[in-house]
Amino acid sequence: IQLPRARDLGPILAIWAVSLLVLISQRDLGTSLLYFGLFLVMIYVATGRAIYVVVGLGMFVSSALIASRVLDYVGGRFASWLNPFDPTHYDAIGGSYQLVQGLFGLAHGSVLGTGLGGGVPQLVPLAESDFIIAALGEELGLAGMFVILAAYLLLVYRGVRIGFTHSDDFSKLLAVGLSFVIALQTFIVIGGVTRVVPLTGLTTPLLAAGGSSLLANWMIIGLLLRLSDTASRNRGDA
């Protein structure tokens with residue numbers, strides 16, 4: 001294993017510092033993780049060296065542990081994630097009440113769900129935006145959740161395939177990066193609702209009611225379609 005040179009680590013350190021700045025100044029764990037994760041994927045696709053990902057993940061994990069001890073905002077998120085049913089966290093302002101209600105909603109949906117319009121998703125705070133997955137899981141059940149996840153998986157797969165079938169290096173990086181943005185958002189949001197990872201401030205791509213989120217993700221779809229069109233034309237010319 002060849003460790004990266006000091007000058008090659010400069011960009012990673014710079015993006016890591018920017019991500020920490022976003023976390024500290026904006027109190028936004030999700031956006032900070034999205035920026036840094038996207039950079040690691042892009043640098044891996046560009047260089048093909050997994051050592052950058054290993055170093056970046058080590059930096060992220062260490063900074064997350066330090067932030068959970070130093071920053072009350074991050075520490076509260078971790079505490080609510082690890083012990084959501086603890087009355088101290090459940091009854092606290094900004095605590096785990098929303099997470100627990102979402103888990104109850106998913107459990108109520110069982111395998112086949114209560115049907116569209118059924119159930120009581122309004123008991124979950126922000127069920128139309130941050131926790132729309134909890135509402136869909138209650139109404140569509142585990143089977144419906146698998147269908148939603150399969151649709152996201154297909155979308156990300158097609159985006160990555162567009163990138164790796166493109167002859168232009170910039171277009172390849174752009175397509176893979178855009179696909180990863182959707183993939184990471186989906187993992188962070190659904191993982192947070194299902195208590196796989198701590199909750200963040202991101203919204204579910206193409207589903208949550210948020211003007212800027214919907215606009216940004218539809219722009220990603222439009223760019224992927226454009227890249228797919230140019231890749232098809234290049235193959236036709238060849």
Side-chain angles (χ1 to χ4, degrees), residues 19 22-35 37 60 64-65 67-149 152 181-217:
S19 300
V22 171
L23 176 62
I24 295 172
S25 61
Q26 300 296 322
R27 297 168 56 89
D28 194 338
L29 180 62
T31 303
S32 176
L33 175 58
L34 183 63
Y35 285 164
F60 171 76
L65 292 176
S68 65
R69 299 292 183 180
V70 176
L71 301 176
D72 293 337
Y73 163 74
V74 180
R77 288 294 178 96
F78 272 82
S80 298
W81 170 53
L82 295 174
N83 301 292
F85 297 97
D86 188 333
T88 303
H89 305 309
Y90 182 82
D91 297 326
I93 298 176
S96 60
Y97 174 80
Q98 184 185 33
L99 175 60
V100 171
Q101 291 297 103
L103 293 175
F104 286 154
L106 291 172
H108 184 222
S110 188
V111 178
L112 299 178
T114 58
L116 289 175
V120 283
Q122 63 272 15
L123 296 180
V124 181
L126 300 177
E128 74 285 354
S129 55
D130 290 5
F131 267 65
I132 193 171
I133 286 297
L136 293 174
E138 181 179 7
E139 296 183 355
L140 302 179
L142 184 62
M145 287 294 295
F146 278 140
V147 173
I148 293 174
L149 291 174
Y152 277 122
V181 168
I182 295 179
L184 186 57
Q185 284 186 90
T186 304
F187 170 75
I188 292 174
V189 175
I190 297 181
V193 174
T194 55
R195 206 181 153 222
V196 176
V197 296
L199 284 173
T200 64
L202 297 179
T203 56
T204 312
L206 306 174
L207 286 179
S212 58
S213 174
L214 287 174
L215 178 61
N217 284 291

To the nearest 0.5 Å, how far apart are [atom1] in [X] and [atom2] in [Y]?
X	Y	atom1	atom2	result
Glu128	Leu126	CD	CG	5.5 Å
Tyr90	Leu99	OH	CG	10.5 Å
Leu214	Thr204	CG	OG1	10.5 Å
Leu136	Ile148	CG	CD1	4.5 Å
Phe131	Leu103	CZ	CG	7.5 Å
Leu142	Leu140	CG	CG	11.0 Å

**Phe78 CZ: over 12 foreign heavy atoms closer than 6.0 Å** = yes

**Prompt:** In this structure, are over 12 heavy atoms from other groups packed under 6.0 Å from Tyr73 atom OH?
**Reply:** yes

Might you point out which heavy atoms bring [X] and [Y] nearest each other, and give the distance in Å?
X	Y	value
Gly119	His108	CA-CE1, 4.3 Å
Ser32	Ser19	OG-O, 2.8 Å
Ala127	Ala135	O-CB, 4.0 Å
Thr186	Pro205	OG1-CG, 3.7 Å
Leu112	Ala143	CD2-CB, 4.4 Å

Keeping [X] on the side-chain end and [Y] on the backbone end, is there a donor-acceptor pair under 3.5 Å?
X	Y	result
Tyr97	Pro125	no
Thr203	Ser129	no
Glu138	Thr114	no

With heavy-atom distances below 4.5 Å as the criterion, would you say the side chains of [X] and [Y] are in contact?
X	Y	answer
Phe104	Val124	no
Phe85	Val100	yes
Leu34	Thr200	no

**Message:** With side chain to side chain contact (heavy atoms under 4.5 Å, CB included) as the criterion, how do Trp81 and Leu199 come out once you've worked through the C-alpha distance, each side chain's angles and the decisive distance to 0.1 Å?
**Reply:** CA-CA 7 Å; Trp81 170 53; Leu199 284 173; over 6 Å; no

**Asked** Just one of Gln101, His89, Arg195, Arg77 clears the side chain to side chain contact (heavy atoms under 4.5 Å, CB included) bar with Ser96, so which one?
**Response** His89

**Prompt:** Looking only at side chains, do Asp130 and Gln98 share a donor and an acceptor under 3.5 Å apart?
**Reply:** no

